[in-house]
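Below: the structure, in structure tokens.
Please read all numbers here as calculations on a predicted model, not as lab measurements. The chains referred to below are lettered A, B, ... by the order of the sequence lines, with proteins before strands, and numbering in each begins at 1. In what follows, every heavy atom counts, from backbone to side chain, and hydrogens, waters and symmetry copies are set aside.
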Amino acid sequence: MTDVSSSTSLRTHRCGDLRVADVGSTVTVCGWVAKRREHGEHLAFVDLRDHTGLIQCVVPGSVDVRSEYVVSVTGVVRLRPEGTENSDLATGAVEVGECAVEILNIAEPPPFPVDDRGDVDEVIRLRHRFVDLRRPRMQANLRLRAKVNSALRSAMDRQGFVEVETPLLWAPTPEGAREFAVPSRLSRGSCYVLPQSPQLAKQLLMVGGVDRYYQIARCLRDEDLRADRQFEFTQLDIEASFVTQEDVLSFVTEAVLDAAEAATGERPAGVARMTWAEAIDRYGSDKPDIRFGMELIDLSGVFAGTEVKAFASPCVKAIVVEGGASLSRSRLDAHTERAKSLGAKGLAWFRVTANETDGGLALDSPLDRFLSDDERAGLLATTKATSGDLVLVVADEHRLACSVLGQLRLDIGGRPVSEGPYRYLWVVDFPMFDGVDDHGHPVAAHHPFTMPNPEDLDLLETDPASVRSQAYDLVLNGWELGSGSVRIHRSDIQSRVFAALGISDEEAAARFGFLLGAFRFGAPPHAGFAVGIDRLVAIFAGEDSIREVIAFPKTQSGSDPMTGAPKPLEPGQLAALGLQPVPQKLD
RNA sequence: GGACCUGUGGUGCAGUUUGGAGUGCACGCCGGCCUGUCAAGCCGGAGGUCGCGGGUUCAAAUCCCGUCAGGUCCGCCA
């Protein structure tokens, strides 16, 4: 493989590129000493590593290099002697012989092994991230990420999108995620905020006639961190004019499938689709992992009018754990505790066993003696559970019963997100509102600029909870990869939505005045989406944490073990910004 | 704000349940030997605030309380 970047003024080849075809060539390779093996004063091996891999260099004498020394090695590529080939190395058929070694820089012993064998404590890796990044795993992850970015850009370019950069210093728009504030030096006491996303900016670009915008955009949210969440993350941000939801789904599908193909070498067959209501009902989640079954089963009919107090609820749902009858009582208790911590009043379990006398099925459960014969038969028939299975039942309000069982389904049957196969899913028809705030007003499920489903417009004033929106999520293996919506471009509809949200005209003007003002000057119909690139790359890389695909991530408490951030500012810096620390409250 | 898990030479672990000398394993590191190794091999050596603080005890890596750091999760993430 030829590559214009492989040779430089200091090297002729990259370590991992040397092959039998190079035999006879005099080469110079540069890199880090991965290993030195001395065999007395007449022979030494130096394994040299760069980002492409390892090459064995043979030195006719002893050589005073240590692990991670930076060296330049010049020698002649030759076949390895018969029987000494190393099939574990891509370069294992050859070696660089008669080597002269020039030390470019010495190095202290690394704080941990610079290879992919074994795990190292993450805080130690992060403290020495510059060493960690030399490991093949991290090199592969960074390069995979670049490849995904490139595929996404190319897909958007091809589809007529134009890349536009938007400000990092934006105005506070209190709504949704907590924002990072940046104090202004020139305007003391005032702050910019770092964008949670370029949401408003990209809508303004639509008003500005950009037509199709995209950006690989950094987003910042001051919320608690998780395996799939960092303060800073990166989205493929998209907005387009004169489009419908279907157009957006098509744009994003194209980009994501291109990225998948670039990353994995295989183009996914497509993206499944499901309504939000179906996702909740069948999987108890708005981001269902559809790699496995164990779907929620509705037993409300079976227990309608039941005498069993625990099941006297609007909704009775169940999951079947195949072979789960062998779970110990302590495991079942743990699941019950988990269900309670998720808000359920309790968890009923039924072990399904073979009835020894007639060969039929029997239930083993503390609740069994309270069940009528019809309920017992109905439970078995509806769940299709068989001998050796375990049936877990939650009775509650519909949403709660679904979400609790959905979580138990993942606890019991879930697999790491990065484990194949990749199952992409569009979740569509999200509700417009989700829950109510302290004042009893509905809360926007997506954001307040989301267009309601036209069929449900007239429910805005009468039954807001049942209004569907034109909002949609992309889900992969149970992770939310991104979300988007058709936006409201007409002020009459926007006013009705603000009214439903309990946002007054004055409040709306104060928060989003610049956007609403802009919309008076000719806002086209528009819609958009944003894909979480960290999550996408992590899954492609086989990683279960996005930290593994970010060069310099933060810990769960938001610190950086390498730089020590966050740190107090010098008094002078504080003064220049007009800031004064407030002493910590003592409890 | 909350739940759970983890913290032992540079690295990864065992030891903690049932208190008894910083005991052990692998890697790395330092020195010596070694002409075909590749997780090289052989010989020798150095390296410890058992995260930190307090308590119980004749005695604490081990039990108790607190605290710090890291992780997973709930809340939070329009």
Side-chain angles (χ1 to χ4, degrees), chain A residues 34-48 54-62 66-68 80-89 91-92 95 97 108-128 131-132 173-179 196-197 199-200 219-231 233 334 337-338 340-343 403-404 407 410-411 414 416 430 432-435 437 442-450 469 471 480 483 485 497 501 503 511-512 532 544-545 547 554-559 561 587:
Chain A
K35 197 75 192 176
R36 177 190 63 159
R37 292 179 294 278
E38 290 264 26
H39 287 253
E41 55 185 307
H42 301 293
L43 176 68
F45 299 97
V46 173
D47 287 342
L48 195 63
L54 288 182
I55 180 69
Q56 173 168 281
C57 304
V58 186
V59 182
S62 66
R66 306 292 166 123
S67 288
E68 302 308 312
R80 290 193 181 196
E82 181 102 30
T84 66
E85 301 87 353
N86 184 348
S87 59
D88 292 337
L89 291 181
T91 61
E95 62 190 12
E108 292 178 18
F112 50 84
V114 188
D115 58 41
D116 284 345
R117 293 195 305 271
D119 291 330
V120 179
D121 187 271
E122 195 176 351
V123 71
I124 294 167
R125 292 174 55 203
L126 291 182
R127 188 174 302 139
H128 306 275
V131 173
D132 191 40
T173 54
E175 179 81 25
R178 201 173 292 118
E179 297 165 319
Q196 309 166 30
S197 78
Q199 180 61 38
L200 302 183
C219 305
L220 299 108
R221 296 180 187 172
D222 188 4
E223 298 289 352
D224 287 1
L225 290 68
R226 290 280 197 285
D228 62 348
R229 280 163 32 192
Q230 285 269 302
F231 287 152
F233 59 101
E337 283 311 304
R338 171 74 160 157
K340 285 179 178 170
S341 75
L342 293 165
S403 68
V404 170
Q407 190 57 57
L410 290 176
D411 288 351
F430 270 66
M432 192 70 190
F433 309 105
D434 194 13
D437 65 16
V443 177
H446 188 57
H447 59 58
F449 316 111
T450 302
S469 70
E480 180 191 319
S483 62
S485 64
V497 170
L501 289 167
I503 299 176
R511 284 199 208 168
F512 318 111
D544 299 316
S545 163
R547 294 188 299 273
K554 308 254 183 313
T555 66
Q556 193 164 52
S557 60
S559 68
D587 291 323

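Nucleotide B/rA69 has B/rU6 as its partner under the Watson-Crick or G-U criteria, with both atom distances under 3.5 Å. Across every strand in view, B/rU35 sits unpaired, with no contact that passes the Watson-Crick or G-U test at under 3.5 angstrom. Pairing for B/rC25 goes to B/rG12, judged as Watson-Crick or G-U wobble with the two contacts each under 3.5 Å. Pair assignment for B/rC63 gives B/rG55, based on Watson-Crick or G-U wobble hydrogen-bonding distances that are each under 3.5 Å.
Judged by distance alone, with hydrogens and angles left aside, the side-chain atoms of A/Thr91 form a donor-acceptor pair with the main-chain N or O of A/Leu54 at under 3.5 Å. The main-chain N or O of A/Glu95 is never found under 3.5 Å from a side-chain atom of A/Arg80 such that the two would form a donor-acceptor pair. Remark: the backbone N or O of A/Pro110 is not paired with any side-chain donor or acceptor of A/Glu68 at under 3.5 angstrom.
Atom CG in A/Asp228 sits roughly 11 Å away from atom C1' in B/rC73 (whole-Å rounding). For A/Glu41 and B/rU37, the CD to P distance is 19 Å, given to the nearest whole Å. Atom pair A/Leu220:CG and B/rC77:C1' shows a separation of 13 Å (rounding to whole Å applied). At whole-Å resolution of the value, CD in A/Gln199 and P in B/rC77 are 16 Å apart. Taking atom CG of A/Asp224 as the reference point, atom P of B/rG71 lies 12 Å away to the nearest angstrom.
Between B/rC74 and A/Ser341, no contact under 4.0 Å exists linking OP1 or OP2 to a side-chain N or O. Contact annotation: A/Ser67 side-chain N/O to B/rG28 OP1/OP2 distance is not under 4.0 Å.
Distances were taken from every side-chain heavy atom of A/Arg338 (C-beta onward) to each of B/rG70, B/rC73, B/rC76; the shortest belongs to B/rC73. Proximity note for A/Arg226 (side chain, C-beta onward) versus B/rC73, B/rG70, B/rG36: the nearest is B/rC73.
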Polar atoms only, N or O, under 3.5 Å: list the protein pairs with nucleotides 38-42 of chain B and their distances.
residue	atom	partner	partner atom	Å
B/rC38	O4'	A/Arg37	NE	3.2
B/rC38	O2	A/Gln56	OE1	3.4
B/rC38	O2	A/Asn86	ND2	3.1
B/rC38	N3	A/Arg80	NH1	2.6
B/rC38	N4	A/Arg80	NH1	3.4
B/rC38	N4	A/Thr84	O	2.2
B/rA40	OP1	A/Lys35	NZ	2.9
B/rA40	N6	A/Glu38	O	2.6

- Nucleotide by nucleotide, 5' to 3', does protein get under 4.0 Å of the base (B), only the sugar-phosphate (S), or neither (-) in nucleotides 2-13 of chain B, counting heavy atoms? --------SSS-
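Looking at A/Arg37, A/Arg36, A/Lys35 one by one, the single match for side chain to side chain donor-acceptor pair (under 3.5 Å) with A/Asp47 turns out to be A/Arg37.
Below the 3.5 angstrom threshold, one finds a donor paired with an acceptor across the side chain of A/Arg229 and the base of B/rC77.
Heavy atoms of A/Glu337 sit nowhere under 4.0 angstrom from any nucleic acid atom. Heavy atoms of A/Ala44 sit nowhere under 4.0 angstrom from any nucleic acid atom.
B/rG32 sits 48 Å from B/rC68 when the P atoms are compared, rounded to a whole Å.
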